[in-house]
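So the structure is just underneath, and the comments pick up after that.
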Amino acid sequence: MLPYQSLILLDRHASIPLTQQITTAFIDLIQRGTLPPRAKLPGSRQLAQLLAVSRQTVVVALEDLQAQGWIEQLPSKAATVGARRPGAAPEPLAPPTSALAARAGFAFEPVRRPATPGPSGRAGLQLGGGAPDARLVPLQALARNYRAASRRAQRRPELLGYGSPYGQRRLREQLAHYLHDTRGVPAGADNVFVTRGSTMALYLLTELLVQPGDAVAVGARSYSEADAIFQRRGARLQRVPVDADGLDTDALAALCRRERVRLVYVTPHHHYPTTVTLAAHRRRQLLALAATHDVVVLEDDYDFDYHYDGAPILPLASADRSGRVLYIGSLSKVLAPAYRIGYIVGPPDVLAALAPLRTLLDQLGDPLLELAVAELFADGGLQLHLQRSTRAYHERRDAFCAALQARLAPWFSFEPPAGGLAVWGSFAEEINLARLAADCARQGLLIGDGQAYRRPDDVRAHLRLGFAAHTPAELLHCVDILAHCLQMHFDVPATPVGRVVQPVWAP
């Protein structure tokens, strides 16, 4: 018998496992002819004693040699070297690396990230694009409903499996009732398609409706993520002016006469980002244009639920007679962004065409969360939450606008919004908004740098300042910081941060 304990030297401190070291050593002995074809090998117990390792270590190594074709093992017989060598000698793996590669070893085209309207995802004071206050979410009611849905899943395990890409019918029914009762949208459950937020709704509809090279009309200033989704699909964005009455439908009509427009994206209730409302005569003209020029109207009603001065306008979808308006919304502003529930309202044939696209992206949403939210609609909890949060946001708007007017009047111009969760305004020409944002960040306040809203012909920097996520006292502190940084910007003696400002503006 060969002196295996001398021929197979094991390094017990190496990063390579002992089984792999034994396998590699046997392959080397076979390739050098030290172990000729059909030579018998010691049994696993004897070999383990010779090498001073466990029998299991030897068994694993022999199984690996057999799997690679170097030896043959038959039940109750000694293993032998194979009569034929494998076609290619396998090389041992390199020792395990301490970290993954810093960069990919292959080429790919990165996706350009859209400009974000403001800070997000960080705690502390921030005046972003208009997020709700997560502290107001009815968490106890949602948790109770989620537990009830989980118990129901014990009796109905199909709730935990792959279900309909349309979303839970219970939620679709509740959404249809809600949209009919509050917005006049004549929808039934078969007209509602649940998505993971409105961004998924935008993405799915763009995939279905837009082909590379199609013209898509958007506002001169519009929602940057929607723009990015259209452009990713290969659409040609056609910018349409927006004024105090919303999207300029005369300019849109001229565009439609010049070229074929496939789709127009609008946020008529509160145009994003400027918060203006699409006037009634323009809403009628837009519907007529869609019918005349065969244009799809994609209506994003992202914050319908929050209005403070007068009644809200009804959506375009409530007056659509030709099946050209597709209506999307989300509960992200009603509850919080973490609750990824959006929806599409449209003709059943469009929703049926969306279903296979949805399964490629995400086979279904979150059935238990959808059931929990459906019960929040059904028992009136969501409506009660909306009443409370609307009162809170109304108070916050008033306090914020009063403080802005009192402290920033020389530098920041704005019109108090009739609804929604943010103020839109512009800074004086001489203000460097990027520098101001950096100064505010050092004082503990995050604001955007305005790049998401900048147009080539801008003279003044524009910014959207969300007020809903903070209490009136917190908002006053935010304005204090803004005023302090602006005073430093102009070398004006700064007022100490922390001064209390009493609201002086009233709607």
Side-chain angles (χ1 to χ4, degrees), residues 1-111 146 150-151 153-163 165 196 340 358-369:
M1 184 175 65
L2 293 174
Y4 288 101
Q5 64 269 43
S6 299
L7 295 173
I8 300 177
L9 300 177
L10 302 178
D11 184 352
R12 301 177 191 277
H13 301 290
S15 58
I16 301 175
L18 292 175
T19 53
Q20 188 175 328
Q21 292 185 49
I22 295 171
T23 301
T24 302
F26 268 108
I27 292 173
D28 182 62
L29 292 173
I30 294 170
Q31 287 180 323
R32 288 194 287 112
T34 305
L35 285 172
R38 303 189 187 284
K40 290 184 179 181
L41 303 183
S44 57
R45 285 188 178 86
Q46 185 179 12
L47 193 55
Q49 291 176 351
L50 292 171
L51 300 180
V53 296
S54 70
R55 179 171 177 258
Q56 183 60 30
T57 298
V58 173
V59 169
V60 172
L62 293 176
E63 288 175 349
D64 192 20
L65 288 167
Q66 182 183 21
Q68 295 184 42
W70 292 101
I71 67 172
E72 297 174 358
Q73 290 193 102
L74 296 175
S76 304
K77 291 188 177 181
T80 59
V81 176
R84 294 182 179 180
R85 294 184 180 182
E91 296 183 5
L93 284 174
T97 181
S98 60
L100 291 178
R103 298 182 63 86
F106 49 86
F108 63 95
E109 188 68 27
V111 177
Y146 198 94
S150 300
R151 288 193 295 269
Q154 291 180 318
R155 302 188 301 272
R156 295 177 52 197
E158 67 273 12
L159 292 174
L160 301 179
Y162 291 107
R196 283 188 179 270
R340 305 307 300 155
R358 166 65 184 269
T359 58
L360 294 177
L361 186 64
D362 175 32
Q363 287 213 338
L364 75 165
D366 187 336
L368 297 185
L369 176 62

Hey, what do you get for [atom1] ([X]) to [atom2] ([Y]), rounding to the nearest 0.5 Å?
X	Y	atom1	atom2	value
Y4	L51	OH	CG	10.0 Å
I27	D64	CD1	CG	7.0 Å
Q154	R151	CD	CZ	8.5 Å
Q66	T23	CD	OG1	12.0 Å
L47	Q5	CG	CD	10.0 Å

- Query: side chain to side chain contact (heavy atoms under 4.5 Å, CB included) with R32: which of L29, L35, I30?
  - Reply: L29
- Query: For F26, which of L65, I71, V81 qualifies under side chain to side chain contact (heavy atoms under 4.5 Å, CB included)?
  - Reply: L65
Which pair of heavy atoms, one from [X] and one from [Y], lies closest together, and at what distance?
X	Y	value
Q21	I16	NE2-O, 3.0 Å
L62	Q73	O-NE2, 3.8 Å
A104	F108	CB-CE2, 4.0 Å
P37	A83	CB-O, 4.0 Å
D11	L18	O-CD2, 4.3 Å
R12	V53	NH1-CG1, 3.6 Å

- Item | salt bridge (charged side-chain N to carboxylate O under 4.0 Å, His left out) against R38, all qualifying residues, sequence neighbours excluded | none
- State whether the side chain of R196 and the backbone N or O of G365 hold a donor-acceptor pair below 3.5 Å, judged by distance alone. yes
- Query: Does the side chain of L368 reach to within under 4.5 Å of the side chain of L160, using non-hydrogen atoms?
  - Reply: yes
